[in-house]
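This report concerns only the one structure given below.
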Amino acid sequence: MDRRNFMKSAAILSGSAATGAIGSTAATASESAPKKTCVMLTQTRTLGSGKAALTVPTLALGCMGMQGGRGVTPDEKQMERLIRQAIDRGCTFLDTAEGYSRGRNEELLGRAIAGIRDQVTISTKFSVDLTRNPPVNDNRPERIKAACEASLRRLKTDRIDLYHQHRIDRSVPIEEVAGAVAELIQAGKVRHFALSEVGAETIRRAHKVCPLTSIQSEYHLMFRKPETEVFGTLQELGIGMLAYSPINRGFLGGTLTEYSDMNTNDIRGSWPFFKPEALRANTRIVEVLNEFGKTRGMTSAQIALAWMMAKYPFIVPLFGTTKLSHLEEDIRTVEFPFTSADVAELEEKLAPYPPVGTRYDAAQQARVEY
């Protein structure tokens, strides 16, 4: 089923969520009756454990692409409206970073949640010193504290629910980073601590100083390295996973081809997965997802999301979009039953088609630990 056409009539569909949804660990009652024209996200998961536990909706919305890097730059007022539409549909876990659009993405989110701050969970990230030209990665404790104050101002809030180290700074011991965030938690400016794109050893060292709630890393059907690099450690320590780019930056949704313009205002154009030859070869993966979804009434994007939610209960997929139709399509994923047998069958069908290319170029790869 073509993702671009799937949700054309979504506005007239009932928003009642099916019981027994994919990977749900809890259900929350809406404070007011949902509009019949809206699909509603009512399922929750818990990231982390003990005092570090944070219960959030089963899906999270990433705001990065709402201000560029994905082709045509969307209208900011429309993106503010889209964020509020997500919140109205129960998708209240929202992710941004100080480094996205040089702080303007946090400002966008701050405007969108004005007056409804207590209804949402905010995830943001530190690492990029925006006061320097060009910006540099700086995770010194004093810089982290200054970054937190700046993010709070841009977001127009007094607290950050989940605060990530965006990219590791190898010149600063991770224990110092964790200690700085622990002080922010003690001061009430941050609620929970997280890391991004780090390996098992770094996770263990940081967790000893300040318990981690989650790790944010790329993970999808075409990039499964986290399964061998960190998942065992996360399960052992009771840490969650916020999986960004679960549809591989739109590719698994079937909207990209070798003829797509991946270079005009699009950061994907320099990455191996999005070169024309890789896009052409990897189309067979999308075709498998489409065939798999036909008998289930699901799109390829929904299959990609359902696979990871059914496979790992500690994962919350972090998807991004600039379109209401795609927002509702992704939220509707939780309505479909998806079993361990489905997971095994899908992986078997994909086994003959290993992905062509890699996720990052050399410069980006140097900034992550695996």
Side-chain angles (χ1 to χ4, degrees), residues 47-54 63-64 94-107 109-110 121-217 230 233-234 237-242 244 363-364 366-370:
L47 297 171
S49 55
K51 292 183 178 180
L54 176 64
C63 300
M64 184 193 78
L94 308 166
D95 181 80
T96 182
E98 65 169 345
Y100 296 162
S101 301
R102 296 184 65 90
R104 291 191 300 110
N105 200 248
E106 287 184 326
E107 292 173 350
L109 180 55
T121 299
I122 295 176
S123 162
T124 192
K125 314 175 195 71
F126 62 86
S127 273
V128 185
D129 187 349
L130 300 175
T131 67
R132 297 163 70 175
N133 192 15
V136 297
N137 198 37
D138 186 348
N139 286 183
R140 291 173 300 146
E142 59 269 29
R143 224 298 291 180
I144 294 172
K145 294 173 184 178
C148 180
E149 295 294 342
S151 288
L152 290 171
R153 288 194 298 272
R154 288 189 289 264
L155 290 162
K156 294 181 171 58
T157 185
D158 61 351
R159 67 199 183 279
I160 294 166
D161 298 302
L162 188 61
Y163 204 30
H164 296 77
Q165 179 195 48
H166 200 167
R167 289 293 184 267
I168 193 166
D169 181 349
R170 292 179 173 85
S171 69
V172 179
I174 196 64
E175 289 83 0
E176 293 184 17
V177 173
V181 177
E183 291 180 17
L184 291 170
I185 292 174
Q186 187 174 13
K189 296 178 179 180
V190 169
R191 291 182 59 212
H192 299 280
F193 178 36
L195 299 176
S196 182
E197 297 281 18
V198 294
E201 180 183 357
T202 300
I203 292 169
R204 290 183 183 278
R205 287 167 55 196
H207 191 66
K208 287 181 180 179
V209 177
C210 182
L212 286 159
T213 293
S214 69
I215 302 300
Q216 183 174 148
S217 292
V230 298
T233 300
L234 299 184
L237 300 178
I239 300 169
M241 169 82 164
L242 193 54
Y244 77 80
Q364 287 292 326
R367 302 181 64 206
V368 301
E369 289 198 327
Y370 59 83

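For the pair Arg167 and Val368, the minimum side-chain heavy-atom distance is below 4.5 Å. Under the 4.5 Å side-chain criterion, counting only non-hydrogen atoms from C-beta, His164 is in contact with Leu242.
Counting only N and O atoms by type, the side chains of Asn105 and Thr96 include a donor and acceptor under 3.5 Å apart. No hydrogens or angles considered: a donor-acceptor pair under 3.5 Å links the side chains of Ser127 and Asn139. Side-chain N/O atoms of Glu98 and Ser151 include no donor and acceptor closer than 3.5 Å.
Annotation: side-chain hydrogen bond (donor to acceptor under 3.5 Å, both in side chains) contacts of Ser214 (sequence neighbours excluded): none. In this structure Asp138 satisfies the salt bridge (Lys or Arg N to Asp or Glu O under 4.0 Å) test together with Arg132, Arg140, sequence neighbours excluded. Partners of Arg170 by salt bridge (Lys or Arg N to Asp or Glu O under 4.0 Å), not counting sequence neighbours: none found. With sequence neighbours excluded, the residues that form a side-chain hydrogen bond (donor to acceptor under 3.5 Å, both in side chains) with Thr202 are Glu369. His166 pairs by the ring pair (Phe, Tyr, Trp, His ring centres under 6.0 Å) definition with Tyr100, not counting sequence neighbours.
Sorted by first and then second residue, the ring-ring contact (aromatic ring centres under 6.0 Å, His included) pairs with a member in residues 135-159 form an empty list; sequence neighbours excluded.
Atom CD of Gln186 is surrounded by 12 or fewer heavy atoms from other residues, nucleotides or ligands within 6.0 Å. For Glu175, the CD atom counts as densely surrounded, since its 6.0 Å shell holds more than 12 non-hydrogen atoms of other residues, nucleotides or ligands.
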